[in-house]
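We number each residue from 1, following the sequence as shown.
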Amino acid sequence: MRKVITYGTYDLLHRGHVRLLERAKALGDYLVVGVTADGFDKVRGKLNVSQTLNERMRAVQELGIADEVIVEEYEGQKIDDIRRMGIDVFTVGSDWVGKFDYLKEYCDVVYLDRTQGVSSTELRAESGHLRMGYVGKRVLVEKYLRESTFVNGVDPTCAMLDSDESLAGCGLVEQVYDFDEIVGRCDAIYLASHPNQHYGQIKRALEAGKHVLCESPIASTRETCQELQALARSKGLVLADAVKTAYSTAYHRLLLLAKSGHIGRVLSVRAVCTSLVDLGSEDISSVEGKWTSSKAWGPAALLPILQLLGTDYRSADFVRADLEGHAGFDAFGEIRLAFEDGYGEAVFGKAAKSEGSLVVSGTDGYIYVPAPWWKTDYFEVRKEDSSQNKRYFFQLDGEGIRNELVEFARAAERGGKCGLYIDDSVSAAIAGLLGQFDASKDHIELSPIKLGSDTCGEGVAR
Ligand code: CTP
């Protein structure tokens, strides 16, 4: 019996796939089809596959051409499969000519002519583009614009900065100067404006029927955040929290490991995010509309605590050190959350430096993520018996932004929240806690930090 194998993504199965499979089958007596797992596709740079692995495998199976359908999960698996299954012929379409010649050592390699005029990429494109507008802080707008170019289905349309700067150097989209114009021209808005502006801008965008991806916190109180979430739901729109860390594979896997009991019961989560910024060069004459350390870092530092321990904390305590002469401008802070059965500590600062690590402690071990944990591709699970320690590595594309945009576009297409990695309850808790941090009168107040003598002011971007 002559065994043939072929591999592919098989997204939105089309006649090109069917013809390829028919001819592959005709090369022998038994056909094995390898369908690429979602994670493997991401590593290969195919970010926006529309269907799940299950849907794609089922579609191939239902054609009735393949004798066996398997999952392709890792680099180099083809060699393993060919050896293990005793394959005689490996085949793929002619778009891969030469690429798999290295398999000639193990079996025959045949490239079949690709069917002209059809591809999954084109079919995905036909299913619609999300015209995206970008609003707010230049450094973030530019990052999201750059990452959008890697995501099919997202069309950067125009951008508006919250400063007088020009986007000319970036050259990706037209710069506009009016929020309503951007709302009018786009299907979705990425908001990186100061949190004080979020409520008004999000409301205008949602009322105009536009999806919103918003830098955290979404609003300045839990209640206003929940009001906006309800408005989005009632209109079938997406209002997503843009903490990019949530979308990085390493962080996401870490959550899953911790939640499935790998370190026993999770007792505490300590997350530290600091960057020494030259505050002397920032305009901090008034606190209004300024990126204090809690605004800049609070959401990221709170995220793992709320995602691992939940949003039902029993008490919240606040520690802060303001800048001398700028009451209300927190340059360092901590939020300490006590839960019924756990404890969380979020530490953030723009005029203080610490190890930017994440430590999740459990009854059976702990998870350690070295600095900068919020954009990591790596973490370790450590046990009492160090021979049981494990290191986990994952690819990190665009600090998680790329994947975030893919999931946002997918959720928008489906008119709901599916695929998003941050629950509404977590977004609302972040908004609530940071609102309380600002408003609280009974925080533990450290003496103010003096610019110049207490700090030397290194410029580090977020
Ligand atoms: N294929 C083909 N003719 C086409 C499209 C695909 O023969 N018009 C073949 C590919 O060469 C490959 C198999 O079908 O051997 C699975 O291809 P896949 O990458 O899943 O499909 P594409 O349509 O090429 O997907 P994409 O546009 O995402 O690259």
Side-chain angles (χ1 to χ4, degrees), residues 1-112 114-115 118-121 123-124 150 152 249-250 252-253 256 377 392-397 402-403 406-407 410 419:
M1 185 169 68
R2 204 166 147 81
K3 278 183 139 181
V4 182
I5 197 161
T6 187
Y7 296 86
T9 307
Y10 299 101
D11 190 25
L12 306 173
L13 200 77
H14 54 69
R15 66 189 161 84
H17 295 143
V18 178
R19 286 200 60 228
L20 184 288
L21 292 174
E22 285 169 347
R23 285 171 297 153
K25 177 75 181 257
L27 292 172
D29 312 296
Y30 189 90
L31 177 65
V32 183
V33 180
V35 179
T36 46
D38 298 334
F40 185 56
D41 265 322
K42 281 190 181 140
V43 173
R44 299 191 313 146
K46 269 202 185 188
L47 281 168
N48 50 346
V49 173
S50 293
Q51 294 179 296
T52 63
L53 172 63
N54 268 344
E55 289 168 328
R56 292 180 286 118
M57 287 183 83
R58 203 176 317 127
V60 171
Q61 255 148 2
E62 282 172 0
L63 281 177
I65 303 171
D67 297 285
E68 193 173 340
V69 180
I70 61 168
V71 183
E72 185 185 21
E73 287 173 291
Y74 58 90
E75 202 72 55
Q77 182 183 324
K78 293 184 180 72
I79 298 177
D80 272 352
D81 289 343
I82 290 168
R83 281 176 162 165
R84 194 168 39 85
M85 302 171 89
I87 298 292
D88 303 290
V89 186
F90 167 89
T91 185
V92 272
S94 51
D95 39 330
W96 296 99
V97 168
K99 183 85 177 31
F100 293 106
D101 285 357
Y102 69 91
L103 293 174
K104 286 183 178 164
E105 195 183 326
Y106 310 97
C107 65
D108 292 344
V109 173
V110 177
Y111 298 103
L112 293 168
R114 191 180 157 89
T115 306
V118 61
S119 77
S120 305
T121 306
L123 292 175
R124 283 191 292 263
F150 293 98
N152 279 345
T249 312
H252 185 64
R253 292 293 169 85
L256 298 178
D377 53 1
Y392 295 82
F393 297 88
F394 300 90
Q395 180 148 327
L396 176 70
D397 291 310
R402 218 170 285 178
N403 196 28
V406 169
E407 296 302 346
R410 198 170 280 168

inquiry  = With side chain to side chain contact (heavy atoms under 4.5 Å, CB included) as the criterion, how do Asp101 and Trp96 come out once you've worked through the C-alpha distance, each side chain's angles and the decisive distance to 0.1 Å?
reply    = CA-CA 10 Å; Asp101 285 357; Trp96 296 99; over 6 Å; no

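- Residues Val35 and Ile70 are not in side-chain contact: their nearest non-hydrogen atoms beyond the backbone lie 4.5 Å or more apart.
- Contact detail for Val89 and Leu27: the closest heavy-atom pair is CG1-CD1, 4.2 Å.
- The salt bridge (charged side-chain N to carboxylate O under 4.0 Å, His left out) analysis of residues 14-23, with sequence neighbours excluded, yields no pairs.
- Using modelled atom types, one side-chain atom of Glu55 and one backbone atom of Thr52 make a donor-acceptor pair closer than 3.5 Å.
- Atoms OG1 and CZ, on Thr91 and Phe100 in that order, are 10.5 Å from each other to the nearest 0.5 Å.
- When Asp29, Asp88, Asp108 are each tested for a salt bridge (Lys or Arg N to Asp or Glu O under 4.0 Å) with Arg2, only one passes: Asp108.
- Distance alone, capped at 3.5 Å, is enough to place a donor-acceptor pair between the Gln77 side chain and the Glu73 backbone.
- The cationic atom of Lys78 (NZ for Lys, CZ for Arg) lies less than 6.0 Å from the six-membered ring centre of Tyr7 and within 45° of the ring axis.
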message = Does Lys3 form a side chain to side chain contact (heavy atoms under 4.5 Å, CB included) with Cys107? I'd like the steps, not just the answer.
response = CA-CA 10 Å; Lys3 278 183 139 181; Cys107 65; over 6 Å; no

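- With values rounded to the nearest 0.5 angstrom, Arg410 atom CZ is found 7.0 Å from Ser50 atom OG.
- In this structure, Glu68 contributes its side chain and Gly34 its backbone to no donor-acceptor pair below 3.5 Å.
- Contact annotation: the side chain of Val4 never approaches that of Val32 to less than 4.5 Å [non-hydrogen atoms, C-beta and beyond].
- Counting heavy atoms from C-beta outward, Ser94 and Val97 have side chains that approach closer than 4.5 Å.
- Put simply, CG on Leu12 and OG on Ser120 are 6.0 Å apart, with the number rounded to the nearest 0.5 Å.
- Residues Ile65 and Val18 form a side-chain contact, since some pair of their non-hydrogen atoms from C-beta on lies under 4.5 Å apart.
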query = Can you check side chain to side chain contact (heavy atoms under 4.5 Å, CB included) on Leu13 and Leu63, steps first, answer last?
reply = CA-CA 10 Å; Leu13 200 77; Leu63 281 177; 3.5 Å; yes

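- With Tyr10 as the aromatic partner, Arg56 does not meet the cation-pi criteria of under 6.0 angstrom to the ring centre and within 45 degrees of the ring axis.
- Inter-residue side-chain proximity for Thr249 and Leu396 is flagged as unmet; no heavy-atom pair is nearer than 4.5 Å.
- Between Lys25 and Asp67, at least one side-chain nitrogen of the basic residue sits less than 4.0 Å from a carboxylate oxygen of the acidic one, meeting the salt-bridge criterion.
- For the atom pair Tyr30 OH and Ile87 CD1, the distance stands at 8.5 Å (nearest 0.5 Å).
- With contacts defined as side-chain heavy-atom distances shorter than 4.5 Å, the pair Ile82/Leu103 qualifies.
- Interatomic distance, Gln51 CD to Asp11 CG, rounded to the nearest 0.5 Å: 5.0 Å.
- With values rounded to the nearest 0.5 angstrom, Leu21 atom CG is found 6.5 Å from Thr6 atom OG1.
- Taking all atoms of both residues into account, the shortest heavy-atom contact from Ala250 to Asp377 is CB-C, 3.8 Å.
- Between His17 and His14, the ring planes are parallel. Angles under 30° get that label, and only those over 60° would be called perpendicular.
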Residue pair Ile79, Tyr106: steps toward the side chain to side chain contact (heavy atoms under 4.5 Å, CB included) verdict = CA-CA 8 Å; Ile79 298 177; Tyr106 310 97; 3.6 Å; yes

